[in-house]
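What's counted below: heavy atoms across the whole structure, side chains too, no hydrogens, waters or symmetry copies.
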Amino acid sequence: ESRPDPTSGGFREVKVRGPRRKSRREALADGFALRTAFHEKGEAEVLKRNHALRSKVWLASDLPKEDARMEEEQDKEQRLRLAQRPRGTGWSRQKDAEFFVHTHSPMAYDPKKMQYFEVEAASQRYMPCAPPHDPVEYSISVAAGASLVGQDDTDLTSPERPRTLLLKELVLTGRAMKKPLFFLDQPASCFVLFEGIRGSAAAEHCSKNFHTKLLLKLSSTLQYWSAAMTRRLIEGIFEELDSEVLQSPAMCYDGASVAVAILLGDQLTVATLGAVRALVLSPSGDVRTVGGQHQVAEEGTERQRLDTAGGEVIPIPTANSAAGGAPRLAVRRPLRPRRTMVAQEPAAEIQRVLEASPDAFATLGFGPEDAVDAKAAKVNYRRLALKVHPDKAPEGLKEQAKEAFAKVEAAVERIEALCESDAKATAELHKLLDAAGGVESAVMPRAWARVVLGIDEVAEPEEVDKKAEEMKKTLGKLGLFADGRLAQPDAARAGQIIDEALEALSAPPPKEGVNTEAVPVSRALGLRDLKRPRDIASAAPQVETMQLDQPGTHHLALLSSSIGVLGDSEILARIRNFPRQPKTASLVITQDAAEAQAKLKAPRALCLASSVLGVFEVKEEKLEEPPSKKARTEQSADKVRCLHILLKHKDLRMSKDPESQVRLKGKGPITRTLAQAERELLGMQRNLSANPNIFHVLARKHSECDTAMQPGQSAGDLGWVSRGACGNPQFEAVMFALKPYEVSDIVSTPRGLHILQRIA
C-alpha cells in the first residue's frame, strides 16, 4: 500500500506478507484491514495488525464480495506515476517512447492505456494480461553445501561420479546470463543432483544443460510462479533433456537419475527421478521423503506399470546378496530365445517349450520350411504330447511338464483358429516370426531389422514405413480389438517385432560396446532401449511442494543411490549434529556411506557417494522494536570477534599469502588436495561437535595462518571485525551470521578452507 508522504513530497510504500487463507475473500479482508492500519497510523501499525491477523477468524458477514477491489481513489495518483514505465528490468522501447516490449518474455506494456499485454503464441496478437508479479522477500536465509566422496581422491574425477549443481541466488545467476528474474519471490534458489545409469554421458549432458533451460523457462513469464507452474517447469525440463539424450548416438542408451529442489519465496518444490531420493526435515521433526518409488520392486503400482508395458524383471547380484542378502531387481527389454527343433529327451523338450517357444508356431516345432495348417498342427501336437505329457515326465519335472503340456494344447488351438480365420495371413505371420527368430539383445541389429521387414540397405524411409504398414494390415486380418490393436497374441508379438525393427532403423547407430544391461530403476532420463518402441521406462518425475511457513530451521537432503546403505534415521542424526553447517553435514553423510559400501565390498562405482544439503532458516516476524532499543541492538552487531582455522590446498590460485608466511616458513610447497583439506577439517568439526571449547587448541596445532601462533586462547584470533572491513563479503557474512561460540561450516576463500568460531 502507498500513501502521500509530506516529508518527502512523494509516496511511501510498505509490503507485508499476510497470513495464508483458504479463500480470496478472507485474503481481501486481511488486505482491507492492513490498508486501514497503514492509512491511519503508518508502518508500525501495519506490522502489529498483521501479527494480530494470524489468529483472526473472519465471520462470513465480515467478508467482502468476491469481486471486491483493493484499489482506492487516493491511490490513483501514485499508480499513475508508477505506470509511466513497466515494472522490473529487461524492457526495451519499440517504435516510440510510449510502448515497451520485454526482451525475454512474450510481454509488452502500453503506458497510455496502463495495460500489460501477452503475445499469443499462435496468432502473435497482443492480448491483455496481468502485470508482472511484484516479488515478496520472505524472511528466510539459505545455506547449502555439496560433497562427493569415493574410495580415494582419484574417484573424485571419475567419469562415473555423480554431479551437483548449486544455484543459491537465481536472480543474480539470471542477471549474469542476461535472463531477468526480478519478479521471483525471494529467496530464489535451485539445487540439483545428477547420477549416471549404465554410463556417465547422459548425467554429464544433463548437468551441463539443466541451468540454461531453467533460466530460460523462468524468464519466459513475468507472473507469479505457483506450485503447479513450478511442477510443469521441472517436468518440461526433464522432457527436453530426455529427448536430447534419446537422440544422441553417444548417450541414448545411457540414463540419468535426477533430484531437483527449487525454492521460490517460501515455496519449496522437490522432484526426483530414478535411483536418487530427497529428505525434507521440518523444525518440528516431521520428515518427508521424495523418491525411492522408482526402484524396481516385487509389487506395487510401479511394478504393475512395468509388467503392463512388457518389461522383464530379473534379479541381479549385489555385494549384499553375495553375503546372503536378497538380490536386487532390475528391468530390461524382454529377451526371448526361440528354438523350433524338438529335443529328443523329455526333460530338454519341456525346457524348450517353457523357455524357448515364445509363440504357438515355435511351441509346436514348426520350422522355416514347414507348411502351417490345422492338420500339420495336430500332427505336431501328437508328437509333442508324448514327450511333455506329465505321465511321461521324470518325477522331479511333473509340475513343469503340466505347464508345458498346457502350453502345447493352447498352441494347437491357437493355430487352428488362425488358419480358420485367414490361412494366408497365418502363413505370413509364421514367416515373420521365424525371420525374427529369438530376441537375444535389447537392441535389434539393423541387418536383422531389414530381414524382418524384407527390405534392402538402400530402401528409403517412406518405403520402409509403407512395408511395415502393409505387414501390420495383413496381421490385422487375424483379428482386431475395437481400438485397432491386434487381438491375436502371436500377431500382437509380431506387431511389436515390426515396431522394434522400425526403431532399429530410425535410431542413431549405437556406439561400439554399448551397455544395455538391465537397470534397477523404472524411471530415468535416457535409456532408449526401454522407451522405444515401448514405454517400459518413464521420464515422469515424482514432484512434491512444501510451504516453509513454520519458523525455525528446515533441512533438505538430495542423496545419491549409494547413500541408500544408510537409513533415513542415520542420515537425519548426522544432519542434526551439524544443523547449520550444510557442507559439513553433507561430507559426514557421504563419507560414512562410502565407507559402509566399501565394507560390503561393493563395486567401486557404488562407493562413490554424493549429497546436497540445504538449510533454510525461517525467521519469525517480530513486532517493530522501539527506536532506542533497535539502535542499541544494531550497534551491538556492528562488530564480531572470531577464531579461525585455515588449511591450504594445492589448487589455490593465490601463490603467496602474506598472512601465512611465518606459519609456513620452511615447510615447502603445499601438496594437500582440496579433498584432503576437507577431510582434515571434517575431523576437526567432529571433535568440535563433542567439545567446542578446544577450538584454540586445534587452531594452534593445525591452522596455517599466522594467527595460530598467538598465545593461549588467542590462537587463531582474527580480532574485532567491523561490517564492511573484512574485504571478503562471503567470509564476513559467515562471521556475522554465527551465534556466540558457534562453529561455522567449512568456508572457501582465495586463501584456502576455513572454519570459524565466534567468541564475541
Asker: Salt bridge check, Arg672 against Glu680: does any charged N sit closer than 4.0 Å to a carboxylate O?
Answerer: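 A salt bridge links Glu680 with Arg672.
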Asker: So, Glu204 and Lys208, do they make that salt bridge, N to O below 4.0 Å?
Answerer: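 Counted as a salt bridge, because a side-chain N and a carboxylate O are separated by less than 4.0 Å.
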Asker: Side chains of Val192 and Thr164: closer than 4.5 Å at any heavy-atom pair?
Answerer: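 Of all side-chain heavy-atom pairs linking Thr164 with Val192, none is under 4.5 Å.
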Asker: Please work out whether the ring planes of Phe194 and Phe210 are parallel, tilted or perpendicular, with thresholds of 30° and 60°.
Answerer: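 Ring orientation, 0 to 90° scale: perpendicular.
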Asker: Checking side-chain contact (heavy atoms from CB on, under 4.5 Å) against Leu587, which of Asp592, Asp745, Ile746 comes through?
Answerer: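 Filter result, single survivor: Ile746.
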Asker: For the pair Gln597 (side chain) and Ser562 (backbone), establish whether a donor and an acceptor sit closer than 3.5 Å, ignoring hydrogens and angles.
Answerer: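 Confirmed, Gln597 side chain pairs with Ser562 backbone.
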Asker: Determine whether His554 and Val280 satisfy the following criterion, side chain to side chain contact (heavy atoms under 4.5 Å, CB included), listing intermediate values before the conclusion.
Answerer: CA-CA 7 Å; His554 300 251; Val280 181; 5.6 Å; no
Asker: Would a distance-only check, ignoring hydrogens and angles, find a side-chain to backbone donor-acceptor pair under 3.5 Å from Trp225 to Leu264?
Answerer: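 No, the answer is negative, given that no donor and acceptor are paired below the 3.5 Å cut-off.
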Asker: Can you confirm whether Arg679 sits close enough to Gln591 that some side-chain heavy atom of one is under 4.5 Å from a side-chain heavy atom of the other?
Answerer: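 Answer yes - side chains close enough.
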Asker: Hey, could you give me the NZ/OG1 distance between Lys179 and Thr173, rounded to the nearest 0.5 Å?
Answerer: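 The OG1 atom of Thr173 is 12.5 Å from NZ of Lys179, to the nearest 0.5 Å.
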Asker: Does Ile197 form a side chain to side chain contact (heavy atoms under 4.5 Å, CB included) with Asp254? I'd like the steps, not just the answer.
Answerer: CA-CA 6 Å; Ile197 302 171; Asp254 287 353; over 6 Å; no
Asker: Do Val612 and Ser586 pass the side chain to side chain contact (heavy atoms under 4.5 Å, CB included) test, and can you show the C-alpha distance, the side-chain angles, and the key distance before you say yes or no?
Answerer: CA-CA 6 Å; Val612 176; Ser586 70; over 6 Å; no
Asker: Where the side chain of Gln488 meets the backbone of Ala491, is there a donor-acceptor pair that is under 3.5 Å apart?
Answerer: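 Here the side-chain-to-backbone pair exists.
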Asker: Just by distance, do the side chain of Arg277 and the backbone of Leu559 share a donor-acceptor pair under 3.5 Å?
Answerer: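 Not a single qualifying donor-acceptor pair exists.
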Asker: Assess the residue pair Arg339 and Glu355 against the criterion (salt bridge (charged side-chain N to carboxylate O under 4.0 Å, His left out)); give the C-alpha distance rounded to whole Å, side-chain angles, the decisive distance to 0.1 Å, and a yes or no.
Answerer: CA-CA 9 Å; Arg339 297 198 301 272; Glu355 299 177 4; over 6 Å; no
Asker: Do Leu193 and Val258 touch side chain to side chain, with heavy atoms closer than 4.5 Å?
Answerer: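 They are not in contact (no side-chain heavy atoms under 4.5 Å apart), so the answer is no.
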Asker: Can you confirm whether the side chains of Lys583 and Ser147 place a donor and an acceptor under 3.5 Å from each other?
Answerer: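 Not at all, the side chains of Lys583 and Ser147 share no donor-acceptor pair under 3.5 Å.
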Asker: Return the minimal non-hydrogen interatomic distance between Gly311 and Ile536, and the atom names on each side.
Answerer: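 Reported closest heavy-atom pair: CA-CG2, 3.8 Å.
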Asker: Enumerate the salt bridge (charged side-chain N to carboxylate O under 4.0 Å, His left out) contacts for residues 286-314, please, sequence neighbours excluded, ordered by first and then second residue.
Answerer: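 The answer is Arg288-Glu544, Glu302-Arg305, Glu302-Arg523, Arg303-Asp307, Glu312-Arg332, Glu312-Arg336.
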Asker: Could you list the donor-acceptor pairs under 3.5 angstrom formed between side-chain atoms of residues 233-243 and any protein atom two or more places apart in sequence or on another chain?
Answerer:
| unit_1 | atom_1 | unit_2 | atom_2 | d |
| --- | --- | --- | --- | --- |
| Glu235 | OE2 | Arg231 | NE | 3.2 |
| Glu240 | OE1 | Lys213 | NZ | 3.3 |
| Glu240 | OE2 | Lys217 | NZ | 2.8 |
| Asp242 | OD1 | Gly526 | N | 2.7 |
| Asp242 | OD1 | Lys531 | NZ | 2.6 |
| Asp242 | OD2 | Lys531 | NZ | 3.3 |

Asker: For Ser611 and Thr590, which I'm curious about, is there any donor-acceptor pair between the side chains at under 3.5 Å?
Answerer: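 Per modelled atom types, Ser611 and Thr590 side chains form no pair under 3.5 Å.
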Asker: Step by step, would you call Leu214 with Leu167 a side chain to side chain contact (heavy atoms under 4.5 Å, CB included)?
Answerer: CA-CA 11 Å; Leu214 173 69; Leu167 302 176; 4.2 Å; yes
Asker: Mind checking salt bridge (Lys or Arg N to Asp or Glu O under 4.0 Å) for Arg528 and listing every partner two or more places apart, or none if nothing turns up?
Answerer: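 Residues passing salt bridge (Lys or Arg N to Asp or Glu O under 4.0 Å) with Arg528: Glu503.
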Asker: If the test is side-chain contact (heavy atoms from CB on, under 4.5 Å), which one of Ile314, Leu527, Val519 qualifies with Val331?
Answerer: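 Single pass found, and it is Val519.
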Asker: What distance do Asp568 atom CG and Leu279 atom CG have between them, rounded to the nearest 0.5 Å?
Answerer: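 Taking CG in Asp568 and CG in Leu279, the distance rounds to 4.5 Å.
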Asker: Would you mind checking if Arg161 and Asp155 are paired as a salt bridge, meaning a charged N to carboxylate O distance below 4.0 Å?
Answerer: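 Between Arg161 and Asp155 there is no salt bridge, as every charged N stays at least 4.0 Å from the carboxylate O atoms.
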Asker: List for me each residue that meets ring-ring contact (aromatic ring centres under 6.0 Å, His included) alongside Phe361, sequence neighbours excluded, and say none if there are none.
Answerer: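 Residues passing ring-ring contact (aromatic ring centres under 6.0 Å, His included) with Phe361: His430.
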Asker: Any salt bridge linking Arg604 with Glu160? Criterion: basic side-chain nitrogen under 4.0 Å from a carboxylate oxygen.
Answerer: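 No, Arg604 and Glu160 are not salt-bridged.
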Asker: Does the Gln295 side chain pair with the main chain of Gly292, one donor and one acceptor, at a distance under 3.5 Å?
Answerer: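 Answer holds: no.
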Asker: Using a 3.5 Å distance criterion without hydrogens, assess whether the side chain of Lys168 forms a donor-acceptor pair with backbone atoms of Phe191.
Answerer: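 Flag not set: sc Lys168 to bb Phe191 has no pair under 3.5 Å.
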Asker: So, taking the atom named CD1 in Ile571 and the one named OG1 in Thr289, what distance separates them when rounded to the nearest 0.5 Å?
Answerer: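 Going from the CD1 atom of Ile571 to the OG1 atom of Thr289 covers 9.0 Å.
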Asker: Run the salt bridge (Lys or Arg N to Asp or Glu O under 4.0 Å) test against Lys472 and tell me which residues pass, sequence neighbours left out.
Answerer: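 Salt bridge (Lys or Arg N to Asp or Glu O under 4.0 Å) list for Lys472, sorted by chain: Asp499.
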Asker: Could you grab the distance from atom CG of Asp465 to atom CD of Glu460, nearest 0.5 Å is fine?
Answerer: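 With rounding to 0.5 Å, CG (Asp465) is 11.0 Å from CD (Glu460).
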Asker: Calculate, to the nearest 0.5 Å, the distance between atoms CG and OH belonging to Leu246 and Tyr253 respectively.
Answerer: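 Answer rounded to 0.5 Å: 10.0 Å.
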Asker: Do Leu329 and Ile316 have side-chain heavy atoms sitting under 4.5 Å apart?
Answerer: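 The answer is no, as the side chains (C-beta and beyond) never meet within the 4.5 Å cut-off.
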Asker: State, yes or no, whether a side-chain contact exists between Val353 and Glu403 at a heavy-atom distance under 4.5 Å.
Answerer: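 No, every pair of side-chain atoms sits at 4.5 Å or beyond.
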Asker: Taking Lys467's backbone N and O only, do any of them form a donor-acceptor pair with Glu470's side chain (distance below 3.5 Å, no angle check)?
Answerer: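 No, because the side chain of Glu470 does not come within donor-acceptor range (under 3.5 Å) of the backbone of Lys467.
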Asker: Looking at Gly495 and Leu486, what are the two nearest heavy atoms and their distance?
Answerer: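 Looking at all heavy atoms of both residues, the shortest contact is CA-CD1, 4.1 Å.
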Asker: Side chains of Ser610 and Glu195: do they bring a donor and an acceptor to under 3.5 Å?
Answerer: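 Ser610 vs Glu195: no donor-acceptor pair found between side chains.
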Asker: Testing the 3.5 Å rule here: is there a donor-acceptor pair between the side chains of Thr516 and Asp529?
Answerer: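 No pair is found: no donor N or O on one side chain lies under 3.5 Å from an acceptor on the other.
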Asker: Looking at Ser357 and Asp359, would you say the former's side chain and the latter's main chain have a donor-acceptor pair under 3.5 Å?
Answerer: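 Not at all, since once roles are kept as given, no pair shorter than 3.5 Å links the two residues.
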Asker: Got a sec, which residues hit side chain to side chain contact (heavy atoms under 4.5 Å, CB included) with Ala449, two or more places apart in sequence or on another chain?
Answerer: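 Side chain to side chain contact (heavy atoms under 4.5 Å, CB included) check on Ala449 returns Met444, Ala501, Ala504, Leu505.
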Asker: Quick one: does His649's side chain have a donor or acceptor within less than 3.5 Å of a partner on Thr673's backbone?
Answerer: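 Not confirmed, His649 side chain does not pair with Thr673 backbone.
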Asker: So, do Leu433 and Ile497 sit near enough that their side-chain heavy atoms are less than 4.5 Å apart?
Answerer: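 Yes, side chains in contact.
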Asker: Checking side-chain contact (heavy atoms from CB on, under 4.5 Å) against Ile575, which of Val615, Leu613, Leu556, Val588 comes through?
Answerer: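 Going through the options one by one, the only one that passes is Leu613.
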Asker: Salt bridge or not between Arg450 and Asp456? Use side-chain N to carboxylate O under 4.0 Å.
Answerer: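 Judged by the 4.0 Å cut-off on N to carboxylate O distance, Arg450 and Asp456 do not form a salt bridge.
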Asker: Taking the side chain from Arg493 and the backbone from Pro489, do they hold a donor-acceptor pair closer than 3.5 Å?
Answerer: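 No, the answer is negative, given that no donor and acceptor are paired below the 3.5 Å cut-off.
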Asker: So, for Val521 and Gly274, which heavy atoms are closest and what is the spacing to 0.1 Å?
Answerer: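 Looking at all heavy atoms of both residues, the shortest contact is CG1-C, 3.8 Å.
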Asker: Write down the atom of Ala468, the atom of Leu502, and the distance for their closest heavy-atom approach.
Answerer: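 Here Ala468 and Leu502 meet closest at CB-CD1, 3.7 Å.
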Asker: Does any non-hydrogen side-chain atom of Leu753 lie less than 4.5 Å from one of Leu674?
Answerer: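 Yes. Closest side-chain heavy atoms under 4.5 Å.
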Asker: Taking the side chain as every heavy atom from C-beta outward, state whether Arg333 and Glu500 have any atom pair closer than 4.5 Å.
Answerer: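 The answer is yes; the side chains approach within 4.5 Å.
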